[in-house]
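Below: one structure, written as structure tokens.
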Amino acid sequence: MNSVGLRVDQGEFVSVVGPNGAGKTTLLRAISGLVESDSGTITFEGRRIDKLKSYKIVALGIVHCPERRRVFPDMTVFENLNLGAYLRKDKNGIAKARERCFDLFPVLRERGNQMAGTLSGGEQQMLAIARALMSKPKLLLIDEPSLGLAPLLKNKMFETIREIQRSGVTVLLVEQDVSVALDISDRIYVIAHGRMAAGGTKEELMKDRDVREIYLGI
């Protein structure tokens, strides 16, 4: 992946779309410190972060909700949530964050003592996002949250993510469903062959016939 440049302003909902293998997941992993960048810089709130360890990046407020959920299957829902708050010391804040997660995803309260590996795919995705929220993120990176979900559940998931963004959390989303990304995002970037092919609002992208037909398939 190279020649990729993007910005996410505070409070925005920004999506990255593109074909499989284009570099979308690698982009998120680079931001969160899970892979090291060979060149270029990544800055957050005016500070360069591309040389920091991932746990230090989390402490700054960048939290990564990875592709395919990656919950801890042999731990309960409550235990998974508690791990999300591992770096926090404010007990009252942690308790409030947990209640907020249960408000967003009521089924997690019902499944609290259930092993995460026995949850449905949709419930595991809810848990993965809730676990990320327990870290009190300023910037939430979400990778393919709709993967494998039924249409109704997918729509509900995106409504909830939009609600999270409206509450003050900046969101950078990687999503395969282009139509959904266009509808819910403030701005969208298109990555192809490891390069940034286009970027802008839905209206701006839809005005460009080449972008619309070649990259968005619309």
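In this text the structure is predicted, and so the values were computed from the model without any measurement.
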[atom2] on [Y] to [atom1] on [X], rounded to 0.5 Å:
X	Y	atom1	atom2	result
K24	L173	NZ	CG	11.0 Å
E123	Q125	CD	CD	12.0 Å
I164	C101	CD1	SG	8.0 Å
N80	F72	CG	CZ	6.5 Å
L108	R98	CG	CZ	12.0 Å
M126	Q124	CE	CD	11.0 Å

If you look at every heavy atom in [X] and [Y], which pair is closest and at what distance?
X	Y	result
T26	V35	O-CG2, 4.0 Å
R7	Y189	N-OH, 3.2 Å
L81	R131	CD2-N, 3.7 Å
L140	A132	CD1-CB, 3.7 Å
I57	I49	CD1-O, 3.8 Å
E175	S146	OE2-OG, 2.6 Å

Give a yes or no answer on whether the side chain of [X] reaches the backbone of [Y] with a donor-acceptor pair at less than 3.5 Å.
X	Y	value
S37	G40	no
T118	Q114	no
R88	M134	yes
E163	L104	no
R162	I184	yes
S54	G33	no
T76	E79	yes
D177	V180	yes
E12	D9	yes
D90	N92	no

**Message:** Using the rule given for side chain to side chain contact (heavy atoms under 4.5 Å, CB included), can you reason through V8 versus V171, listing the C-alpha separation, both sets of side-chain angles and the distance that settles it, and then say yes or no?
**Reply:** CA-CA 8 Å; V8 182; V171 173; over 6 Å; no
Given the rule that I, L, V, M, F, W and Y join up when any side-chain heavy atoms are under 4.5 Å apart, are [X] and [Y] in one cluster?
X	Y	value
V77	M115	no
L149	V107	yes
F105	F158	yes
V14	L141	yes
L172	I42	yes

Could you check whether any side-chain heavy atom of [X] comes within less than 4.5 Å of a side-chain heavy atom of [Y], counting everything from C-beta outward?
X	Y	value
D183	K202	yes
V174	I142	no
E36	K51	yes
V178	V190	no
S135	L87	no
M75	L83	yes
L127	L119	yes
M157	I129	yes

Atom [atom1] of [X]: over 12 foreign heavy atoms under 6.0 Å:
X	atom1	value
R212	CZ	yes
R47	CZ	no
D38	CG	no
Q10	CD	no

**Asked** If you measure only the distance, is there a donor-acceptor pair under 3.5 Å linking the side chains of D143 and T25?
**Response**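 A donor-acceptor contact under 3.5 Å links the two side chains.
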**Message:** Apply salt bridge (charged side-chain N to carboxylate O under 4.0 Å, His left out) to residues R187 and E204 and explain how you reach the verdict.
**Reply:** CA-CA 9 Å; R187 291 186 297 110; E204 290 168 341; over 6 Å; no
**Message:** Please evaluate residues H64 and L34 with respect to the criterion side chain to side chain contact (heavy atoms under 4.5 Å, CB included), reporting the C-alpha separation (whole Å), side-chain torsions for both, the decisive distance (0.1 Å), and the verdict.
**Reply:** CA-CA 10 Å; H64 189 169; L34 295 176; 3.7 Å; yes
**Message:** Does K138 form a side chain to side chain contact (heavy atoms under 4.5 Å, CB included) with L60? I'd like the steps, not just the answer.
**Reply:** CA-CA 8 Å; K138 297 177 182 178; L60 291 176; over 6 Å; no
**Request:** Report the C-alpha separation of L27 and V16 in whole Å, then their side-chain angles, then the decisive distance to 0.1 Å, and conclude whether the side chain to side chain contact (heavy atoms under 4.5 Å, CB included) test is met.
**Result:** CA-CA 9 Å; L27 173 65; V16 178; 4.1 Å; yes
